[in-house]
Amino acid sequence: MKAKVTLKELVGTKIIYAVLLVCYYWMWARRDWHPYYETIQNMVVLFTVIFFALQAIRIRRYSKEEKDELAIQNLRRTDAIGLKFMTAAAIMIAFMCAAAFIEAVAAGYALVGMILVLTVIRFILFCVMDSRGV
């Protein structure tokens, strides 16, 4: 695996972090129990450990490579757009909680789901901006 590590790859792997966050929230917030949950939990923990180890190697390799300045600027623009989406979504969830439309567990699922959706949107926006050279 001597291929050059790209910023697009690092941004894309953030989706896996968001999926892991959703999995861990599900493990913490569920109110029922089935025997196969333990197997799912063990698989998620094992995958997390292996993924973090492999990701640390890729990030270390990326830090030693020459940086693409245009891609970094595109990532900053994408993050600015994502911050606006995140702020609007968090305000909507907060108002729904205050008005008692959703309960605490559902608000948690809404928050981690919002993080997952925004991570995917961030990756798509970054890929579009990077491919067009904006």
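In this text, all values refer to a predicted model and were calculated from it rather than measured experimentally. Here, residue 1 is the first one in the sequence, and each next residue gets the next number.
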Flag for T6-Y62: side-chain donor and acceptor within less than 3.5 Å:
no

Can you list the steps and then say if I72 with L7 is a side chain to side chain contact (heavy atoms under 4.5 Å, CB included)?
CA-CA 8 Å; I72 292 171; L7 191 57; 4.1 Å; yes

Correct closest heavy-atom pair for A71 and F126 would be O-CE1, 3.3 Å

How about D32 and H34: do any of their side-chain heavy atoms sit closer than 4.5 Å?
yes

Could you give the distance from CG (D130) to CG (L75), rounded to the nearest 0.5 Å?
9.5 Å

Should the ring pair F51 and F47 be called parallel, tilted or perpendicular, given that the plane angle runs from 0 to 90° and is split at 30 and 60?
parallel

Rounded at 0.5 Å granularity, tell me how far CD in E9 sits from CD1 in I59.
9.5 Å

Gap separating the CD1 atom of I93 from the CD1 atom of I102, nearest 0.5 angstrom:
6.0 Å

Does any part of the side chain of W26, heavy atoms only, come nearer than 4.5 Å to the side chain of Y109, both counted from C-beta?
yes

Do other residues, nucleotides or ligands put more than 12 heavy atoms under 6.0 Å from the CD atom of E38?
no

With rounding to the nearest 0.5 angstrom, report the CD1 to CD1 distance, I15 to I121.
10.5 Å

Side chain to side chain contact (heavy atoms under 4.5 Å, CB included) partner of Q55, chosen from L10, I16, I50
L10

Would L46 end up clustered with Y36 when hydrophobic side chains under 4.5 Å apart are linked, directly or stepwise?
no

Same cluster for M92 and L83 if Ile/Leu/Val/Met/Phe/Trp/Tyr side chains link at under 4.5 Å?
no

Over 60° means perpendicular and under 30° means parallel, so tell me whether Y17 and F52 are parallel, tilted or perpendicular.
tilted

Would you indicate whether F85, at its atom CZ, is surrounded by more than 12 heavy atoms from other residues, nucleotides or ligands within a distance under 6.0 Å?
no

Under 4.5 Å between side-chain heavy atoms, counting indirect links through other Ile/Leu/Val/Met/Phe/Trp/Tyr residues: same cluster for M43 and V22 or not?
no

Run the side chain to side chain contact (heavy atoms under 4.5 Å, CB included) test on Y24 and T48 for me, step by step, so that the C-alpha distance in whole Å, both residues' side-chain angles and the decisive distance to 0.1 Å come before the verdict.
CA-CA 10 Å; Y24 279 103; T48 302; 3.1 Å; yes

Within one Ile-Leu-Val-Met-Phe-Trp-Tyr cluster: L54 and V19, side-chain cutoff 4.5 Å
no

Would you find more than 12 non-hydrogen atoms of other residues, nucleotides or ligands less than 6.0 Å from M96 atom CE?
yes

How long is the straight-line distance from OH of Y25 back to CG of L111, given to the nearest 0.5 Å?
8.0 Å

For a quick test of reading the model, state the closest non-hydrogen atom pair linking R31 to V105 and the distance between them.
NH2-CG2, 3.0 Å

Rounded to the nearest 0.5 Å, what separates atom CG in L118 from atom NZ in K14?
15.5 Å

Determine whether I91 and I115 fall in the same hydrophobic cluster, where Ile, Leu, Val, Met, Phe, Trp and Tyr are linked whenever their side-chain heavy atoms lie under 4.5 Å apart.
no

If I compare all heavy atoms of A89 with all of M114, which pair ends up nearest, and what's the gap?
CB-SD, 2.8 Å

Close side-chain approach of M27 and I40, heavy atoms under 4.5 Å
no

Y37 vs W33 aromatic rings, parallel, tilted or perpendicular, using cut-offs 30° and 60°?
perpendicular

